[in-house]
Amino acid sequence: MSTTAPFASYSAHVAARAATTARALQETGFDRLLIHSGTPFTYFADDNDAPFHSTPAFAHWAPVEGPHHILDFAPGRRPRLVRVQPRDFWYAPPAPAPDFVRAEFDVVEVSTPAAAWKEIGSPGPRTAFVGGAAEEASENGIAPAGLNPKPLVARLDWERTYKSDWEVEALIAATAKAAPAHRAAEAAFRAGDPEIDIHHAYLTALGDVEDALPYTSIVGLDHHAATLHYHGKSGRQTTKARVFLIDAGATTRGYASDITRTYVAPGADPVFVRLLEGMKTLQADLCVTSRPGKSYVDLHFETHRGVAALLAEAGILRIPADEAFEKGLTYPFLPHGLGHFLGIQVHDVAGRQVDREGTIAPPPARHPALRTTRVIEERMVFTIEPGLYFIPMLLEPFRAGPHAAAFDWALVDRLVPSGGIRIEDNVFVGTGANRNLTREFLPD
Ligand code: GLY
Ligand code: MN
Ligand code: MN
């Protein structure tokens, strides 16, 4: 992480956090907020830790590595960052706070978590605490009502919906970083490499260790593409693969990119190739039409209508697309949502939160996997990731169902070895037009 200060937008980002957090505290009856950066997770009965991820609410303020730090905010005074820098020769200590962070916070360095709490001092009855270390916070004087208070957390989550320039810059940088790695993975597929080698080609081009990825990469050849979160990386291949689905991102300054491409090689089933071309067009349209005022749920339904049209055109469904949509025959082919908010978390917060108070709008009953039920607004960043898969366990009930005759089952069976299709871009809702961040770096 750079320790210089090239990020003019960071100062404005912290000022915005101060303003929105002051309002949230005032609305919820608190006058001070402590945000904990997290505690390492040690596997049960073991001495190995999981890769450490900062508390997202902490990362929203400061891209500062490592556990046990406490961010201390009170309206009207400069925020403080009590940073725990252990003296350790077993593990490399986290990088120091970058200069651009030091420019915005009073940074205090201590060597133990206990010393951090001592530095915080007596919290006072109207201090709120956000973080996973609730027990530790309680032991250090935070009242029960101040531990991750829901009305406050809802407001902090809500503000993360609207990305500042600083955040958009980080998301763009995370995309720029992932794009060459996607190209390297495609080249490895075209060279006939197995999944494990494609995965390594991706990491090598990225220049990161696996733990630094925002999520476990999905590298699926042929039928593996039909497992939505396929995490295996097979090392063996008896025949050259015809289909390759890669869903992989990168992290920059705590922000994630989340990108999926599906490629075909010569010899791929021609019906599958046509479906892929149709999906590219549908996905590109959705990236443009997902504009302010539109409901993300409606877009999700539009996607199902589009998938119905592709299936009917390919002859996989033998009834008109509208009828297929109305009868729900696209469900087994597209069991996930159109997309989700993107930011510090790959599946970012507040996708179903429809007001700052925390009201949740659940997804439609037959679409439980849809993560975003909001009406689109400027400065949101979300993924647009329609898919179309041949998943035997989802198709099976339709084989014997009342609409069985609407499917060309021989064609479905022929396409099962091709796995599936997903195309995923990251979209920033700008003034006047959307900005497809992914296509700026990965046009195809
Ligand atoms: N990479 C996980 C997803 O696209 O939601
Ligand atoms: Mn995604
Ligand atoms: Mn993805």
Side-chain angles (χ1 to χ4, degrees), residues 17-18 20-22 24-97 101 105-157 159-160 254 344-345 349 358:
R17 302 287 63 77
T20 56
T21 303
L25 288 171
Q26 190 266 324
E27 286 173 352
T28 54
F30 295 101
D31 61 9
R32 185 181 179 193
L33 172 63
L34 305 177
I35 310 180
H36 194 262
S37 75
T39 311
F41 176 83
T42 307
Y43 295 110
F44 178 67
D46 200 345
D47 62 358
N48 273 305
D49 289 352
F52 178 73
H53 289 190
S54 292
T55 303
F58 179 93
H60 196 208
W61 280 84
V64 171
E65 294 176 8
H68 304 301
H69 313 318
I70 305 174
L71 194 149
D72 179 7
F73 172 76
R77 74 156 161 75
R78 188 171 154 88
R80 295 170 82 220
L81 179 59
V82 182
R83 196 176 155 278
V84 177
Q85 179 79 4
R87 287 172 53 76
D88 192 2
F89 57 88
W90 288 101
Y91 299 98
V101 171
F105 291 83
D106 285 339
V107 178
V108 181
E109 306 260 350
V110 296
S111 60
T112 65
W117 281 106
K118 197 160 172 220
E119 189 61 41
I120 290 299
S122 178
R126 295 178 65 210
T127 298
F129 173 88
V130 170
E135 203 172 314
E136 189 179 306
S138 189
E139 285 163 9
N140 283 282
I142 305 287
L147 297 171
N148 293 305
K150 274 194 178 144
L152 175 63
V153 170
R155 285 161 173 83
L156 299 180
D157 286 352
E159 298 298 343
R160 283 171 55 198
I344 293 163
Q345 288 159 257
V349 281

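Just so you know, residue 1 is the first one in the sequence shown, and it goes up from there.
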Report task. Taking the side chain as every heavy atom from C-beta outward, state whether I120 and T127 have any pair of such atoms under 4.5 Å apart. Result -> no
Report summary line: CD of E119 to CD of E109, rounded to nearest 0.5 Å, is 11.0 Å
Report summary line: Rounded to the nearest 0.5 angstrom, the OG1-CZ distance for T112 and R87 is 12.5 Å
Report summary line: Shortest non-hydrogen pair, L147 vs A134, comes out as CD2-O, 3.7 Å
**Report entry** CG on L71 to CD1 on I35, rounded to 0.5 Å
**Finding:** 5.5 Å
Requested in this report: Using the six-membered ring wherever Trp is involved, compare the ring planes of F58 and H69 and label them parallel, tilted or perpendicular (cut-offs 30° and 60°).
Outcome: tilted
Query raised in the report: Given E65, which of S37, P93, P94, S54 fulfils the side chain to side chain contact (heavy atoms under 4.5 Å, CB included) condition?
Result: P94
Report task. Provide the closest heavy-atom pair for F73 versus P79 in the form atom of the first, atom of the second, distance. Result -> CD1-CB, 4.4 Å
Query raised in the report: Looking at NE2 of H53 and CD1 of I344, how far apart are the two atoms once the value is rounded to the nearest 0.5 Å?
Result: 13.0 Å
Query raised in the report: Checking ring-ring contact (aromatic ring centres under 6.0 Å, His included) for the pair F89/Y91: CA distance, chi angles, key distance, verdict?
Result: CA-CA 6 Å; F89 57 88; Y91 299 98; over 10 Å; no
Requested in this report: May I ask you to test the V107-V64 pair for a side-chain heavy-atom distance under 4.5 Å?
Outcome: no
Query - H68 and H36 aromatic ring geometry - parallel, tilted or perpendicular at 30°/60° bounds - result: perpendicular
Query raised in the report: Are P67 and V84 close enough that some pair of their side-chain heavy atoms sits under 4.5 Å apart?
Result: no
Query - Within residues 128-156 or reaching into it, pairs that qualify as salt bridge (Lys or Arg N to Asp or Glu O under 4.0 Å) - sequence neighbours excluded - result: E27-R155
**Report entry** Side chain proximity check, T21 to W61, heavy atoms < 4.5 angstrom
**Finding:** yes
Report task. Taking all heavy atoms of L25 and all of P75, pick out the closest pair and write down the distance. Result -> CD1-CD, 4.0 Å
Query raised in the report: Is the shortest heavy-atom distance from the side chain of R77 to the side chain of R32 under 4.5 Å?
Result: yes
Report summary line: Heavy atoms of T39 and A133 approach each other most closely as OG1-CB, 3.9 Å
Report summary line: Between the OG1 atom in T42 and the CG atom in D49, the distance rounded to the nearest 0.5 Å is 3.5 Å
Query raised in the report: What distance separates F105 CZ from D72 CG, expressed to the nearest 0.5 Å?
Result: 10.5 Å
Query - Closest non-hydrogen atom pair between G38 and T55, with its separation - result: N-OG1, 3.5 Å
Query - Nearest heavy-atom neighbours spanning N148 and V130 - result: OD1-CA, 3.1 Å
Query raised in the report: Under 6.0 Å from the CZ atom of R78, do we count more than 12 heavy atoms belonging to anything else shown?
Result: yes
